[in-house]
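Worksheet: the structure to be examined is printed underneath.
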Amino acid sequence: MSELAILPKVRWSGVEGRPIVIAGPCSAESEAQVLETARRLQGARVDYFRAGIWKARTRPETFEGIGDAALPWLQRAGREFGLRTATEVATAAHVEAALRHDVDLIWIGARTTVNPFSVQEIADALRGVTIPVLIKNPTSPDMGLWIGAIERIHRAGVRALGVIHRGFSIAGNSRFRNAPMWELAIELRRTHPEIPIVTDPSHITGQREMVQEIAQRAMDLGLDGIMIEAHPDPDHAWSDAAQQVTPERLGEILQHLKVRRETSPDAAFLASLEMLRDRIDHLDHDLVELLARRMRVVEEIADYKREKNVATLQVSRWSALLEDRVARAVALGLTADYAHAIYEIIHRESVRRQSEIMDQEPAGGAAADT
Ligand code: PEP
Ligand code: MN
């Protein structure tokens, strides 16, 4: 996908040199709750006041949002407290209802991004409309689905366009509700630097205690904004209680956030950075060369094994190797997880290459000596 013609975020948000902040309750629950949240957010520097109106919930017996009746509450909060408003849409009818109530920004939820029919329906409803649209990443770590949704909305003519990084459902244990998998956000930034990225620490962490840490991480990566759920009485929220913070706590989080600059005009800093990057380049070149040399040895081993028709998978050798390399890495100050992950990849590719060589002759066994 080539560069998309989209507006710089400052053109639609007016925000420059600091992150866009979107905050407000997970769900609109009552007019009083919406107004109280907005009132208490007054002191914090919030650019858009969010509230979920239609909630795509995993289980049917949970609160599914107030629906259209809550839109006037959001509208009133926006007017009374001078806030721009934002909500999630999942259908064309939601888009139309939101527009009728002067919503200033809409986003497409993670459960909707996964469905191209729904995204297309929303895209069709957005033709000729200038409202900013943010697209949450799909629940699964599927870059194609995310980009596909961005393309559909873009093709409808939306130019005030961005994404929300809210983490991914993955198998296995994680300390997060939705694993951040920062590498996917970074990959999107690499291929599409023109797309603003807003991080949603509330849905990534699922726990209010971790919101600050993840918001800071987004700033450290130079991302463009944050969306944080705030509720006047978080413990009694009708949805996502554990992750919401009070408006006052939100103010503290924002105050403590260290916003990183993209670069610095300081000449000494730039010179040091250049030197260090040069060292990284040289080390990386050595690393690639070593990997290639290692692979030549793996291939030599495969040749011998094929000749002798020796079955090759020696689990004990692989276990001993892995243990030794991880221990060495840890002794040198690297983490065990990191070393483990790297050796998994090295081993997998060695197995693949050896199998390829062994299969060149029918007598060969398949497996690896790495
Ligand atoms: C939300 O922002 O309230 C929401 C439902 O988020 P997600 O689509 O990321 O689950
Ligand atoms: Mn929520």
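Whatever order the structure lists them in is the order used to number ligands and atoms, beginning at 1. Keep in mind that the numbers below use all heavy atoms, side chains included, and drop hydrogens, waters and symmetry copies.
- The Mn ion (ligand 2) lies closest to atom OD2 when only the N/O/S atoms of D240 are considered.
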* Take W182 and I214, measure what side chain to side chain contact (heavy atoms under 4.5 Å, CB included) needs, and give me the verdict at the end. => CA-CA 11 Å; W182 295 101; I214 295 303; 3.9 Å; yes

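- Of all the atoms in ligand 1, the ones that sit under 4.0 Å from a non-hydrogen atom of E88 are 1 (C), 4 (C), 5 (C).
- Legend: residues meeting side-chain hydrogen bond (donor to acceptor under 3.5 Å, both in side chains) with D47, ordered by chain and number and at least two apart, are R18.
- With hydrogens and angles ignored, the 3.5 Å screen pairs a side-chain donor or acceptor of H256 with a backbone N or O of E252.
- Looking only at N/O/S atoms, E229 comes nearest to the Mn ion (ligand 2) through OE2.
- Residue, atom and distance of the protein heavy atom nearest to atom 1 (C) of ligand 1 are H203 CE1, 3.2 Å.
- The distance from ligand 1 to the heavy atoms of G109 drops below 4.0 Å at these ligand atoms: 8 (O).
- Salt-bridge annotation for D324 and R328: present, with a side-chain N of the basic residue lying under 4.0 Å from a carboxylate O of the acidic one.
- For atom 8 (O) of ligand 1, the nearest protein heavy atom (residue, atom name, distance) is A110 N, 2.9 Å.
- Within the listing of ligand 1, atoms 1 (C), 2 (O), 4 (C), 6 (O), 7 (P), 8 (O), 9 (O) sit less than 4.0 angstrom from a heavy atom of K136.
- Among heteroatoms of the N, O or S kind in H203, NE2 lies nearest the Mn ion (ligand 2).
- By the criterion of side-chain heavy atoms lying less than 4.5 angstrom apart, applied directly or through intervening Ile, Leu, Val, Met, Phe, Trp or Tyr residues, M219 is grouped together with V211 in one hydrophobic cluster.
- Not counting sequence neighbours, the partners of R296 by the salt bridge (Lys or Arg N to Asp or Glu O under 4.0 Å) test are E299.
- The shortest N/O to N/O separation between R111 and ligand 1 falls below 3.5 Å.
- Using bins of under 30°, 30° to 60° and over 60° for the plane-to-plane angle, the ring pair W54/H94 lands in the parallel bin.
- Numbered from 1 in the order shown, with element, the atoms of ligand 1 that lie under 4.0 Å from a heavy atom of R166 read 7 (P), 9 (O), 10 (O).
- Residue D200 places no N or O, backbone or side chain, under 3.5 Å from any N or O of ligand 1.
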* Verify side chain to side chain donor-acceptor pair (under 3.5 Å) between Q120 and R152, making sure each step is shown before the conclusion. => CA-CA 6 Å; Q120 191 57 51; R152 283 179 198 278; 2.9 Å; yes

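- Close approach of ligand 1 to K55 is summarised as follows: ligand atoms under 4.0 Å from at least one heavy atom of the residue are 1 (C), 3 (O), 5 (C).
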